[in-house]
Amino acid sequence: MSRVIGIDLGTTNSCVAVLDGGTPLVLPNAEGARTTPSLVAFNDAHERLVGQQAKRQAVINPTRTIQRVKRLMGRKYRDADIQELGQQVGYQLVEHVNGDCWVQVNGQAFAPAEISALILQKMRLTAEDFFGEEIRDAVITVPAYFSDAQRQATRVAGKIAGLNVLRIINEPTAAALAYGVQKDKDANLLVFDLGGGTFDVSVLTVRGGLFEVVATSGDNHLGGEDFDAAIMAYLLDAFEAEHGMDLSGDAMALQRLRGEAETAKCELSTLRETSINLPFFAVNDSGAKHLTATLTRAQLEEICKPLLDRLEAPARRALQDANLPGGKVDEVLLVGGMTRMPAVQQLVERIFGNKPSRGVNPDEAVAIGASLQAGILAGEVQEFTLMDVTPLSLGLRAKGNRMSKVIERNTAIPVRATKIYTTTEDNQNTVILQVLQGESEIATDNSLIGTFSLTDLPPKPAGRLRIEVAFDIDRDGIVNVSATDTETGNEQSITIEDGSGMSEAEIQRAMQRVGAMTEAAS
Ligand code: ADP
Ligand code: MG
């Protein structure tokens, strides 16, 4: 088997790793960096820029720079949080024919999976350049709470990028592998992942080599970008106090400030004090105004206190939901660039009483874990059993808009479950099954992941037919549903594979567009 790469497809940054002689190796990209910003941009020359190149020009090209696309994967345009995200990003979101959220740039619409594919392709090319050989097979990570649709969209993104996605694994599971959790040693782990835009907490148990995610929690609206924004607000206030100019509405000034704020924040993870310098930040009648400031670590912690405080509740909730004997975790693993901030590490220690594990770079842990899983699949590493759970309950819409649950959340996967349903009207010859994922008792509050019908039912009084519906969730967390009329043996089945929101023709077109870029670039 040829090399299998492990990819952490992050909201803010992505990373690729591979096992080389049994040791995980994080691969530097063409710019020499070990992580790649998850950004794609289109410029005046109709070129597509990916990674650092896209990040650098985001300031001057906000409407054509696509960031945080992971948040759009497998999501509906009308979802409230997607509408909210649309207000925050500089590019345009559009509703695709099936209600999915796509992005529009230069009058052209793109599925989120196609944008993600450009990032994945860059990761694949990074590995190909490094080894000088073609690479096709990959393991890609996703957050533990990702729904079927989001996992499907990730799979399709891999396909568009020319990858054969051998497995989708959960980010916390990958992190546990990276931290070298020993398979012969049972443990309860808590993965504390604070990235650029999201905060994820997962509790895992490891028993005889089985890695089981037993609880997940977090905050989808909390990450490093919020820390950057808090620093920016602080600096803008100071600037206004000094020069009497309010620049909070000046997009260009804000973009410049954002980069400086992030750099200062990162520096203060190792330094006690840093300075911020933005010459010609603004101009008024009395001439050019420069923004210069010094920021200490103590000031940073003060500014970010409200954000730091918000980390505590989700962390405690995950621990509570996990319901571990003794209520204690053996190890806390830090993941995500933001966990390098000393105040975050101190908070973790205060909440859990454990010193967080060190030794793995938090930016790289997930990709390293993915490469270990890749090694397992390639037969290079001794077999572990990775067991994940389904993050959301699965069921059907029943009479009275009720959710009839068939598989409860946190059930270990792969799993198969069946349930018998019947008709509600006399001589009913068709039943329409709506497959739902979510926790609400009210069907329409959950997300509809697929609809299918069982037709040509024999005429029977209401309630007499027995329709067996079988639900399968595979190792990647992908759902398969079939329904059988037990009398006639008449069967209908669906893989809920329209989750990516793309038809086969759309996928093919995206593959051509993405492939065309490779040729243009080389
Ligand atoms: P994601 O999982 O969302 O893709 P990452 O794990 O790469 O994100 O985390 C990115 C965030 O981590 C950014 O907000 C970045 O500014 C922050 N970060 C990176 N390095 C440091 C550091 N040394 N100190 C503080 N924050 C950091
Ligand atoms: Mg991450």
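Indexing begins at 1, ligand by ligand and atom by atom, following the structure's order.
For residues 86-95, every residue pair satisfying the side-chain hydrogen bond (donor to acceptor under 3.5 Å, both in side chains) rule, not counting sequence neighbours, is listed here: R68-Q88, R78-E95.
The aromatic rings of W102 and H96 sit parallel to each other, their planes meeting at less than 30°, with 60° as the upper class boundary.
Counted by atom type alone, S447 and Q437 present zero donor-acceptor pairs between their side chains at under 3.5 Å.
The salt bridge (charged side-chain N to carboxylate O under 4.0 Å, His left out) test applied to R155 returns D476, not counting sequence neighbours. Applying the salt bridge (charged side-chain N to carboxylate O under 4.0 Å, His left out) criterion to D226, with sequence neighbours excluded, gives no partner residue.
In this structure, R3 is positioned above the aromatic face of F131, its NZ or CZ under 6.0 Å from the six-membered ring centre and within 45° of the axis.
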Could you pull out every N or O of ligand 1 that sits under 3.5 Å from a protein N or O, with the distance for each pair?
| from | atom 1 | to | atom 2 | distance (Å) |
| --- | --- | --- | --- | --- |
| ligand 1 | 3 (O) | T12 | N | 3.4 |
| ligand 1 | 3 (O) | T12 | OG1 | 2.6 |
| ligand 1 | 3 (O) | G196 | N | 2.9 |
| ligand 1 | 4 (O) | T11 | N | 3.2 |
| ligand 1 | 4 (O) | T12 | N | 2.8 |
| ligand 1 | 4 (O) | N13 | N | 2.8 |
| ligand 1 | 4 (O) | N13 | O | 3.2 |
| ligand 1 | 6 (O) | G337 | N | 3.0 |
| ligand 1 | 7 (O) | N13 | ND2 | 2.8 |
| ligand 1 | 8 (O) | G196 | N | 3.2 |
| ligand 1 | 9 (O) | G337 | N | 3.2 |
| ligand 1 | 12 (O) | M338 | N | 3.2 |
| ligand 1 | 14 (O) | K265 | NZ | 3.1 |
| ligand 1 | 16 (O) | E262 | OE2 | 2.7 |
| ligand 1 | 16 (O) | K265 | NZ | 2.8 |
| ligand 1 | 24 (N) | S269 | OG | 2.6 |

